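The structure under discussion appears below in the form of structure tokens.
Side-chain atoms are counted along with the backbone in the values below, which use heavy atoms only and exclude waters and symmetry mates. All figures in this text were calculated on a predicted structure; none of them were measured in a lab.
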Amino acid sequence: MMFLEVPYNIKQGKYMSKWDKLLRRIRSLPKDVRFEELQKILESYGYEMKGAGTGSSHYTFRKKGYAPITIPKNEPIKRPYVELVRDVIESEENK
């Protein structure tokens, strides 16, 4: 018999949602992050994505009162861009 291992958050005493898993993944700074994952996180925290200009693969995320974040859509996303999003997660959780 095969058992599936479901991530369990011991600290909160509950099973982790897809959102919790995504946040945990970004915090670990993996090398295979997709652009869509970072986009989902930034947009959920109120950032708006502005499309790339002509011939550009860079997208800018803006939120009033915060510095804009520019991320290239090339995959995998490089570590410095993932670190920027991780910093957004940490600052939002500390509010």
Got a second to check how far [X]'s [atom1] is from [Y]'s [atom2], nearest 0.5 Å?
| X | Y | atom1 | atom2 | answer |
| --- | --- | --- | --- | --- |
| R86 | L23 | CZ | CG | 13.0 Å |
| I26 | L84 | CD1 | CG | 12.0 Å |
| L38 | M49 | CG | CE | 12.0 Å |
| Q39 | S44 | CD | OG | 11.0 Å |

When the side chains of residues 27-34 are checked against the rest of the protein, which donor-acceptor pairs come out under 3.5 Å, sequence neighbours left out?
from	atom 1	to	atom 2	distance (Å)
R27	NH2	E93	OE1	2.7
R27	NH2	E93	OE2	2.3
S28	OG	R25	O	2.7
D32	OD1	R25	NH1	3.2
D32	OD1	R25	NH2	3.4

message = Please find the pair of heavy atoms, one from W19 and one from I41, that lie closest to each other, and give the distance.
response = CH2-CA, 3.9 Å

Side-chain donor-acceptor pairs of residues 66-81 under 3.5 Å, sequence neighbours excluded:
from	atom 1	to	atom 2	distance (Å)
Y66	OH	K95	NZ	2.7
T70	OG1	T60	OG1	3.2
E75	OE2	F35	N	3.2
R79	NE	E83	OE2	2.8

inquiry  = With a 4.0 Å cut-off on N to O distance, would you call E48 and K64 a salt bridge?
reply    = no

query = Would N94 and S91 count as having a side-chain donor-acceptor pair, cut-off 3.5 Å?
reply = no

message = Counting neighbours of CZ on R62 that are heavy atoms of other residues, nucleotides or ligands and sit closer than 6.0 Å, is the number greater than 12?
response =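 For R62, atom CZ is not crowded (no more than 12 foreign heavy atoms under 6.0 Å).
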
